[in-house]
Amino acid sequence: MKNINFLFAIITIFASQKAFGQKKHAFSVSYGILSNDQIVSGITEALSSPLQSHDVKNIRSLGALALSYYMPVNNGRLMLGASAVFDRLDADIVNRSTNKKESKKSITAITVAGEGKYKYTNNPQFNIYGLVGVGYTFGNASYDTNPTIEDNANYNHFNFQFSPLGLEYGTDFKGILELGIGYKGIASAGVQYNF
């Protein structure tokens, strides 16, 4: 019976928010560049290359793709939520003596994080906000050929996002832009749906 009452209470709150036009929950999809996983992996490859029999060349990244959900707390200026972020870095492994490509290295990182978002302004159409997130990254490095270069490895670690400047513009559908550092990148942009 308690579960039914709890479910009824949640439905009533959600329905009352809809009835009064309070569209506060948010779902967003964004794309970021230069995430800390991309930066750290690139620096690590560059520093370790002179110590090995091969060179790492043509480092390229897919970018950080993020799915996020936020729900309002108190007056709606504070939003709590979660994000899932997919990031991938690819590089060519080249034999130093023959200058031929031996393999392709791929580093895949999936981050799951809890986030807090605080709106500096509280306008229905345009807002400036800050965001802080803490999570865990499940990372894996693999080679498409020649596994003797190095065994496949896991790069699991704690991760963070700090974006002191975020902008959102629109009504139900909003454009978003965030500047900061972390698992979403130093700059990310996307779309957000408020409901």
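Values reported hereafter were calculated over all heavy atoms of this structure, with side chains retained and with hydrogens, waters and symmetry mates removed. Everything numeric here is computed off the predicted structure, so don't read it as measured data.
Annotation: Phe173 is in aromatic contact with Tyr193 [ring centroid separation under 6.0 Å]. Two rings, from Tyr136 and Phe138, have their centers less than 6.0 Å apart.
Annotation: the span from Ile33 atom CD1 to Ser188 atom OG amounts to 9.5 Å, rounded to 0.5 Å. Note: Ile186 CD1 to Ile39 CD1 = 6.0 Å, rounded to the nearest 0.5 Å.
One finds no salt bridge joining Lys117 and Glu178 here, because no Lys/Arg side-chain nitrogen approaches an Asp/Glu carboxylate oxygen to under 4.0 Å. For the pair Arg60 and Asp92, the salt-bridge criterion is met [side-chain N within less than 4.0 Å of a carboxylate O].
Note: the hydrophobic cluster containing Tyr70 does not contain Leu165 (ILVMFWY, side chain heavy atoms under 4.5 Å, direct or indirect links). Hydrophobic clustering (ILVMFWY, side-chain heavy atoms < 4.5 Å, transitive): Phe195 and Val29 are in one cluster. Under the 4.5 Å side-chain heavy-atom criterion for Ile, Leu, Val, Met, Phe, Trp and Tyr, Ile128 and Leu179 are members of the same hydrophobic cluster. Follow the hydrophobic side-chain contacts under 4.5 Å out from Tyr118 and you never reach Met79; the two are in separate clusters. No chain of hydrophobic side-chain contacts below 4.5 Å, direct or via other Ile, Leu, Val, Met, Phe, Trp or Tyr residues, connects Tyr155 to Val134.
A side-chain donor from one of Asn159 and Asn36 sits under 3.5 Å from a side-chain acceptor of the other. Between the side chains of Tyr129 and Glu168, no donor N or O sits under 3.5 Å from an acceptor N or O.
A donor-acceptor pair is defined here as one N or O able to donate and one able to accept, closer than 3.5 Å; such a pair exists between the side chain of Ser61 and the backbone of Arg88. With Thr121 contributing its side chain and Asn123 its backbone, the two residues share no donor-acceptor pair below 3.5 Å. A donor-acceptor contact shorter than 3.5 Å is absent between the side chain of Gln192 and the backbone of Phe27. Side-chain atoms of Asn194 do not come within 3.5 Å of backbone N or O of Ala26 as any donor-acceptor pair. Using a distance-only test at 3.5 Å, with no hydrogens or angles considered, a donor-acceptor pair links the side chain of Gln161 to the main chain of Lys184.
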Is there a side chain to side chain contact (heavy atoms under 4.5 Å, CB included) between Phe160 and Ile181? Walk through the geometry before answering.
CA-CA 8 Å; Phe160 72 94; Ile181 186 169; 3.9 Å; yes

Apply side chain to side chain contact (heavy atoms under 4.5 Å, CB included) to residues Glu115 and Val132 and explain how you reach the verdict.
CA-CA 6 Å; Glu115 295 180 343; Val132 174; over 6 Å; no

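Summarising the geometry of Ser35 relative to Tyr183, their closest heavy-atom pair is CB-O, 3.6 Å, with the distance given to 0.1 Å. Nearest approach of Ser30 to Ile176, heavy atoms of both residues: CB-CD1, 4.4 Å. A pairwise comparison of heavy atoms in Gln38 and Ala64 identifies NE2-N, 3.6 Å as the closest pair. Of all non-hydrogen atoms in Leu80 and Gly116, the two that sit nearest each other are CD2-CA, 4.0 Å. For the residue pair Gly139 and Asn156, the shortest heavy atom distance occurs at N-OD1, 3.1 Å. The shortest non-hydrogen separation linking Tyr120 to Gly130 is OH-CA, 3.4 Å.
Ile107 has its side chain out of reach of Asn140: every pair of non-hydrogen atoms, C-beta onward, lies at least 4.5 Å apart. With a 4.5 Å cut-off on side-chain heavy atoms, Thr137 and Asp37 count as touching.
Dense packing is recorded around CZ of Phe86, with more than 12 heavy atoms of other residues, nucleotides or ligands lying under 6.0 Å away.
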